[in-house]
Structure formats: structure tokens, C-alpha cells
Number of protein chains: 2
Amino acid sequence: MQKAQTPKGAAGLDPLDLAILRALLTDSGLTNKAIASRLGLAESTCAYRLRTLRDAGVIVGTRVKLSLEALGFPLQAIVKVRLGSHNAEHVNTLYSQLTQVPGVIAAFHVAGEDDFHLHVAAENPEALRDLVLKHITVHRVVRQTETQLIFEARDGVGVLAQ
Amino acid sequence: MQKAQTPKGAAGLDPLDLAILRALLTDSGLTNKAIASRLGLAESTCAYRLRTLRDAGVIVGTRVKLSLEALGFPLQAIVKVRLGSHNAEHVNTLYSQLTQVPGVIAAFHVAGEDDFHLHVAAENPEALRDLVLKHITVHRVVRQTETQLIFEARDGVGVLAQ
DNA sequence: CTTGAAATTGAAGCAGG
DNA sequence: CCTGCTTCAATTTCAAG
């Protein structure tokens, strides 16, 4: 049975691809077989689409999610970093160094008032202070930092929301 | 062969647990068997530790990483949201609504100058504008927003860096 | 807590529709 | 592009040390 040619979205994804991706995002257990049965298609078909999505670079990989609290890092913060000089090489070097700082979960190079936003985690307030003072403000290009405690972090629905 | 009792860290994790977690974070292919062989222990042992870590809530789950660019969302931004009123119920209601906005990848409720930081993705500048104007600033409690384009996003080493 | 072997389940390859 | 079948590898279970 040959299905009708499916309409393609802006990124070349048909509804089946989107359904598979949504299932992957929804179900924590990302078993390739479970998706097939849930969507009512053969396992080999699902595997084929998954491989295609992987080859196309849509699915980059899969990562474990750890509980920062359970690991003993109950404190999270956003550290805004502002530079005194914006020499391209200096900025890039600093960027690489910031991502290597223990406790830095994610780093964003942003346009506007701030230069970098760092999402960090720490064991306690003292560790957070040391993270900022000993690993961020020590760099000469860093002119100013501003740390905002995170009360709560939540995931959003993302770009595939229906 | 009974190994010596292992020293526990602050979160009750021994060196073997940490080694397993680091292997999980490092290797994109999170095959349970590969970890066992890499660390030189039996598969069943590795599986046992993994189950324990899961039951303890350290390993929350596993999520697929999609390429926002490949999906057709090449634009990312941080949207700072500031409120006019800080009534607890209003704040919480807004928080829930913001996480449901299509394009919102993550949301942070922060202390300080801003109230929320939203990590968003959009297909193009117009879509980004619509996201902010039609889904965020429409709420009465939102007093002000500030959108900073993300030049580049990178992952940090996290809290388990050696 | 660790382990090897058995038993179950899921993934990968392949050729046909 | 979809599918069932075969082959293979991995996860799970369990009883013992």
C-alpha cells in the first residue's frame, strides 16, 4: 500500500516525521518500538524515518537528564556577563573558557546590553560566589557581572507545539 | 570479590556512580553495555547502578536533542519579562502560560531586576516579534519585555566536571 | 554490592511490494 | 517510500557469592 505523497513543511518534514518527533519529545522512554506501535506503523518504517531524521541532522542525539538537586546542586542562577572590550578573538576565547567552568550548564552569546548569559548551578551560596569571582570576573575582558538567582526552571513546549 | 566500601560524596554518590554519570554525559550513544565495558565492570552491575540512580531520582530521564536550525527555526533569543504586579497567584498563572507558548524552549523564574527569562526559538524575525507581542506582552501583568538575540548557544561542562 | 548465564526484548539488515 | 521476516545485539531477570 503506497500512501499518498505527504505535504512537506518548511523544513521538509511531513506530518509523520512531526508525529515521530513529538512522540520522542513527549515520551521520556524513547524506545523506537513504542513509537511505532503508538503511531500504528511498522517498526521498520519507524526505524527508517528515524534514520532519515538522524541523517538529515534534525535529530542531533539523545542526552540524559540529571537532577541537579539530587546531585547536591540545589542552587541555580543566571549570570549576565558584560565585557569591556569586544575584540572578536578575545570574545571567542572567553566564550570557550566560560563553557569549561565547572557548574556552567549552558552559555549564550547574546546581542544587546549583556554579552553572555550563563546558566549555572552550585552546591550553596558560597560556591556560587566562588564560581563568579574565581572563574568569571577574573578574566580581564569581563567588565561587569550580574547574578540572578533562579527560583524555578521549567521546560517550555518548544517549537513543535501543535 | 567484594570491593571495599566506597566513599560517598555529598549527594550519596560513590566514585563509580560518578564515573557512570560522566560516561553518560560524555558519550552521545548512551548504550548501557558500552559504559560497562568502558568502565570494566559487568553489564548487570552497570544496569544495577543505573537502576539505583534512576530510583534515587538522580537520573531523571533521557531526552532527544533536536536541531532547531534543521527544524526551520534558525533564530533564538532570550526574552526578559518584567511584571507590574507580583501577586503570587498571578505570577504562577503567567508562568504556566509562558511555558505553553509555542517556541518557548525553557523558562526561568528569576530573582532580581527581571522576573522571567525565556529561551525562545523562531522561524524568522517576524515570527519572533509575533511571539513576543501576541503571546507575552498581551498579558496584563507583563509590564515590560526585552529581547536579546542569541548569536550562539553552547553547552557547558555542567556540575560533574572533574 | 557484584556477577555470570539464561531468558526476554528491541534493533538492524534485507529483499520484495 | 513502506513492510514483514530474519538475524543479531542489548537489556532484564535471577539466584548465587
Side-chain angles (χ1 to χ4, degrees), chain A residues 1-66 70-72 160, chain B residues 1-66 70-72 160:
Chain A
M1 177 183 67
Q2 182 95 4
K3 286 192 178 177
Q5 195 63 11
T6 47
K8 300 294 182 74
L13 300 175
D14 63 17
L16 184 53
D17 287 325
L18 289 176
I20 291 174
L21 292 177
R22 289 202 180 93
L24 270 177
L25 291 174
T26 302
D27 294 15
S28 50
L30 37 74
T31 105
N32 331 20
K33 187 175 190 176
I35 303 169
S37 67
R38 173 163 307 191
L39 297 181
L41 37 89
E43 301 174 23
S44 46
T45 303
C46 190
Y48 172 79
R49 304 294 286 238
L50 282 174
R51 176 181 174 149
T52 304
L53 287 169
R54 227 173 280 270
D55 291 345
V58 176
I59 296 177
V60 176
T62 149
R63 291 193 175 180
V64 288
K65 187 181 182 185
L66 304 182
L71 283 171
L160 296 182
Chain B
M1 179 182 69
Q2 181 97 358
K3 286 191 179 177
Q5 195 62 10
T6 47
K8 300 294 181 71
L13 299 174
D14 64 16
L16 183 52
D17 287 326
L18 288 176
I20 291 175
L21 292 176
R22 289 202 181 94
L24 271 176
L25 292 174
T26 302
D27 294 15
S28 50
L30 36 74
T31 103
N32 329 21
K33 187 175 189 174
I35 303 169
S37 67
R38 173 162 310 190
L39 298 181
L41 36 90
E43 302 171 23
S44 47
T45 303
C46 190
Y48 172 79
R49 303 294 285 238
L50 281 174
R51 176 181 175 150
T52 303
L53 287 169
R54 226 173 282 270
D55 291 345
V58 176
I59 297 177
V60 176
T62 150
R63 291 193 176 181
V64 288
K65 187 179 181 184
L66 304 182
L71 283 171
L160 296 182

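Keep in mind that what you see is a predicted model, and the values were worked out from it rather than measured. Convention: sequence-line order gives letters A, B, ...; per-chain numbering from 1.
- Note: A:L16 CG to A:L39 CG = 6.5 Å, rounded to the nearest 0.5 Å.
- Taken over five-pair windows at either terminus, the axes of the helix from C:dC1-D:dG17 to C:dG17-D:dC1 are inclined to one another by 30° (rounded to 10 degrees).
- Residues B:L66 and A:V60 come closest through the heavy atom pair C-CG2, 3.9 Å.
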Compile the donor-acceptor pairs under 3.5 Å between side chains in residues 50-59 of chain B and protein atoms, sequence neighbours left out, one pair per line.
unit_1, atom_1, unit_2, atom_2, d
B:T52, OG1, B:Y48, O, 2.9

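- Atom CG of A:L41 and atom CD1 of A:I20 lie 6.0 Å apart (nearest 0.5 Å).
- Of the two residues contacting DNA chain D, namely A:A42 and A:Y48, the nearest-nucleotide position lying further toward the 5' end is that of A:Y48.
- Crowding of A:R22 atom CZ: a count of heavy atoms from other residues, nucleotides or ligands under 6.0 Å exceeding 12.
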Could I get a table of every N or O pair under 3.5 Å where one atom is in the protein and the other is in nucleotides 7-14 of chain C?
unit_1, atom_1, unit_2, atom_2, d
C:dG10, OP2, A:K33, NZ, 2.8
C:dA11, OP1, A:N32, N, 3.0
C:dA11, OP1, A:N32, OD1, 2.2
C:dA11, OP1, A:N32, ND2, 3.2
C:dA11, OP2, A:K33, N, 3.1

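- Checking side-chain atoms of A:T26 against main-chain N and O of A:A23 turns up no donor-acceptor pair under 3.5 Å.
- Whole-Å rounding puts the A:D55 CG to D:dC1 P distance at 12 Å.
- If you take CG of A:D14 and P of D:dC1, they are 9 Å apart, rounded to a whole angstrom.
- Atom CG in B:L50 sits roughly 15 Å away from atom P in D:dA10 (whole-Å rounding).
- Taking the side chain of B:R49 as heavy atoms from C-beta on, and the options C:dT3, D:dC1, C:dT2, the nearest nucleotide is C:dT2.
- Note: B:N32 CG to B:E43 CD = 9.0 Å, rounded to the nearest 0.5 Å.
- Nearest heavy atom pair, residue A:D17 against residue A:D14, reads N-OD1, 2.8 Å.
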